[in-house]
Amino acid sequence: MPAFNISNAQIYILQNNSPNWFNKNKRSLPFRQTKDPYQIWISEIMAQQTQIDTLIPYYKRFIEKFPDLKTLAAAEESAVLKAWEGLGYYSRVRNLHKTARLIESDYDGCFPSDYQTLIKLPGIGPYTGGAIASIAFNEAVTAVDGNVLRVISRFLNSHLDIGENKTKKVITQWLETILPANSGDFNESLMELGALICSPTNPQCPDCPLRDGCQAYAQGNQEKLPIKKKKIRPKTMQMEVGILIRDKHLFFVRRDQKGLLAGMWSFPIVTQTDEPGQAISDLLNQYTQHLPQAQYLGHSRHVFTHIIWEIEVYSFYLPAYLKEETATYSIKADDQTCFIPIDETDRLTLPVAFKKLLPLLEPHL
DNA sequence: TACACGTGGGT
DNA sequence: TACCCAAGTGT
């Protein structure tokens, strides 16, 4: 099934110039100093939907804290989640931890070295499996990410929608026909090219090692490609947050174990009802019989991939004397709720959506 | 197939 | 401002 026409000259360019370009131009990154599959794995999970510059400090801290598989497997999940705090897509770190324990228990602590085994592990899909297998073990497999889809779509002047699975399949199969022996460098070279030269906007074609074989460049289509269906606009939700304050302690609740920001700590938050402040007061009434008057603190917006939270923030000052009577006044002290000293909130794993509300409190303390 | 799933950076 | 995008995976 020849989806594209491709000349021998173009194959030559992909097989040779791109890896050569890579060896001369690749960035010095912490996870490029090693062939340890554990470290490659951590870096690849962090790299999912995340720019490299963003993850580097996280990666360094993570490797320092969890230097090997055994350490990670033995760690408390809360400690691992804390190390991921601020990176987003937190299911990645849950699966990471799950997989570490799985390798310890089912694979005798020995990191699986082949693609087919890797993609069975939680959090490792076709891209990450290909990346680990090729980079750490030099297996002859592709690693097709967003960069590669863009680079190859342009190179072939392909107008297929890269959001569709069949496009990914076609490009993967095309790459398999030219995959060289140094598969890891080859895969990384295409990704690095996409990150440094063949960028989504303003591609640096004059500096591109593939320019002379690039069909999009020849047609002047490099800015139009790749084709990608527009994403649906995120849904806006009107939310209310209540910050319960008692004797310089803040009240937090733990979120559900599934769904958005699963299992992370949070201020009490509800969707707004007709009467402003009513829904959050009703919620907090479940935690204390002595809910004081709400004080409006201000507004915040938090944009997720698929949701926008428009948040109205209220504070509620409980009198300090209630401290001795928390049980009586049914402020629960189990692991689903807690009061934390206002300057020690770092003990909790708090999503950015809530962390950025803390400055609203400062003028009122 | 389509959607859920975070956050920060760039234009 | 409002969008798009980023070394994707799970359901």
Side-chain angles (χ1 to χ4, degrees), chain A residues 22 26-27 29-32 40-59 81 84-96 98-99 118-136 142-151 161-169 172 184 186-196 198-203 223 226 228-237 255-264 266 301-309 349-356:
Chain A
F22 178 61
K26 65 182 171 187
R27 291 168 289 182
L29 302 173
F31 40 86
R32 283 185 174 153
I40 305 285
W41 170 53
I42 303 296
S43 73
E44 289 299 340
I45 301 298
M46 283 188 175
Q48 291 169 6
Q49 296 292 283
T50 305
Q51 295 184 155
I52 298 303
D53 289 345
T54 301
L55 69 85
I56 286 175
Y58 285 88
Y59 174 83
L81 189 58
W84 208 269
E85 181 187 47
L87 256 188
Y89 282 156
Y90 299 98
S91 67
R92 290 184 295 175
V93 71
R94 297 173 186 291
N95 285 143
L96 190 80
K98 196 185 297 180
T99 290
L118 286 166
I119 60 170
K120 293 192 177 89
L121 298 170
I124 299 183
Y127 162 74
T128 306
I132 297 171
S134 64
I135 296 170
T142 60
V144 179
D145 73 334
N147 286 310
V148 177
L149 289 172
R150 182 174 61 255
V151 169
D161 182 351
I162 61 166
E164 296 196 4
N165 228 321
K166 60 186 175 190
T167 304
K168 193 175 164 186
K169 191 178 282 183
T172 300
F186 177 76
N187 289 333
E188 275 200 272
S189 76
L190 291 177
M191 291 189 266
E192 194 76 339
L193 200 55
L196 299 183
C198 195
S199 43
T201 58
N202 299 318
E223 296 271 13
K228 201 172 183 181
K229 253 206 300 274
K230 293 234 189 304
K231 285 176 187 164
I232 49 172
R233 282 176 57 172
K235 184 177 69 171
T236 298
M237 298 179 69
R255 295 177 62 80
D256 283 351
Q257 282 304 129
K258 54 184 178 183
L260 188 64
L261 304 172
M264 302 188 74
S266 158
R301 166 184 303 196
H302 191 77
V303 180
F304 300 98
T305 309
H306 57 303
I307 296 171
I308 299 174
W309 276 353
T349 305
L350 208 57
V352 172
F354 299 109
K355 191 163 281 196
K356 71 187 192 187

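Computed from a predicted structure; not experimentally measured. Residue numbers start from 1 in every chain, and the chains themselves are labelled A, B, ... in the order their sequence lines are given, proteins ahead of strands.
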- request: Tell me, yes or no, whether the heavy-atom count around A:Arg233 atom CZ, taken from other residues, nucleotides or ligands under 6.0 Å, exceeds 12.
  value: no
message: Looking at A:Lys169, I'd like to know if its NZ atom is crowded, meaning that more than 12 non-hydrogen atoms belonging to other residues, nucleotides or ligands lie closer than 6.0 Å.
response: no
Find the distance [X]:[atom1] to [N]:[atom2] and express it as a whole number of Å.
X: A:Ile56; N: C:dA6; atom1: CD1; atom2: C1'; value: 14 Å
X: A:Glu223; N: C:dC4; atom1: CD; atom2: P; value: 16 Å
X: A:Lys26; N: C:dA7; atom1: NZ; atom2: P; value: 18 Å
X: A:Leu96; N: C:dA7; atom1: CG; atom2: P; value: 20 Å
X: A:Lys98; N: C:dT9; atom1: NZ; atom2: C1'; value: 12 Å
X: A:Lys168; N: B:dT1; atom1: NZ; atom2: C1'; value: 14 Å

May I ask you to say what [X] touches in the nucleic acid, namely base, sugar-phosphate or nothing, with a heavy-atom cut-off under 4.0 Å?
X: A:Ile45; answer: nothing
X: A:Arg32; answer: base
X: A:Leu29; answer: base
X: A:Ser43; answer: nothing

Selected nucleotide, minimal atom distance to A:Asp145 side chain, candidates C:dA7, C:dA2, C:dA6: C:dA7
task: Sugar-phosphate means primed atoms, P, OP1 and OP2; the rest is base. With that split, encode nucleotides 2-11 of chain B 5' to 3' as B, S or - using protein heavy atoms under 4.0 Å.
output: --SBBBSS--
query: Should the pair A:Phe304 and A:Trp309 be assigned to parallel (<30°), tilted (30 to 60°) or perpendicular (>60°) ring geometry?
result: perpendicular
message: Work out how far the P atom of B:dG6 is from that of C:dT11, and round it to whole angstrom.
response: 14 Å
task: Could you give the distance separating B:dC3 and C:dA7 at their P atoms, to the nearest angstrom?
output: 23 Å
- request: For the residue pair A:Thr50 and A:Arg92, confirm or rule out a side-chain donor-acceptor distance under 3.5 Å.
  value: yes
Polar side-chain atom of A:Ser43 near backbone of A:Ile40 as donor-acceptor pair, under 3.5 Å: yes
- prompt: Do A:Thr128 and A:Ile45 come within less than 4.5 Å of each other through their side chains, counting heavy atoms only?
  reply: yes
- prompt: Given that A:Glu44 and A:Ile124 both sit by DNA chain C, which one's nearest nucleotide is further toward the 5' end?
  reply: A:Glu44
field: Smallest separation among heavy atoms of A:Gly130 and A:Ala143, with atom names
entry: C-CB, 3.9 Å
query: Are A:Arg27 and C:dA7 close enough that a side-chain N or O sits under 4.0 Å from OP1 or OP2?
result: no
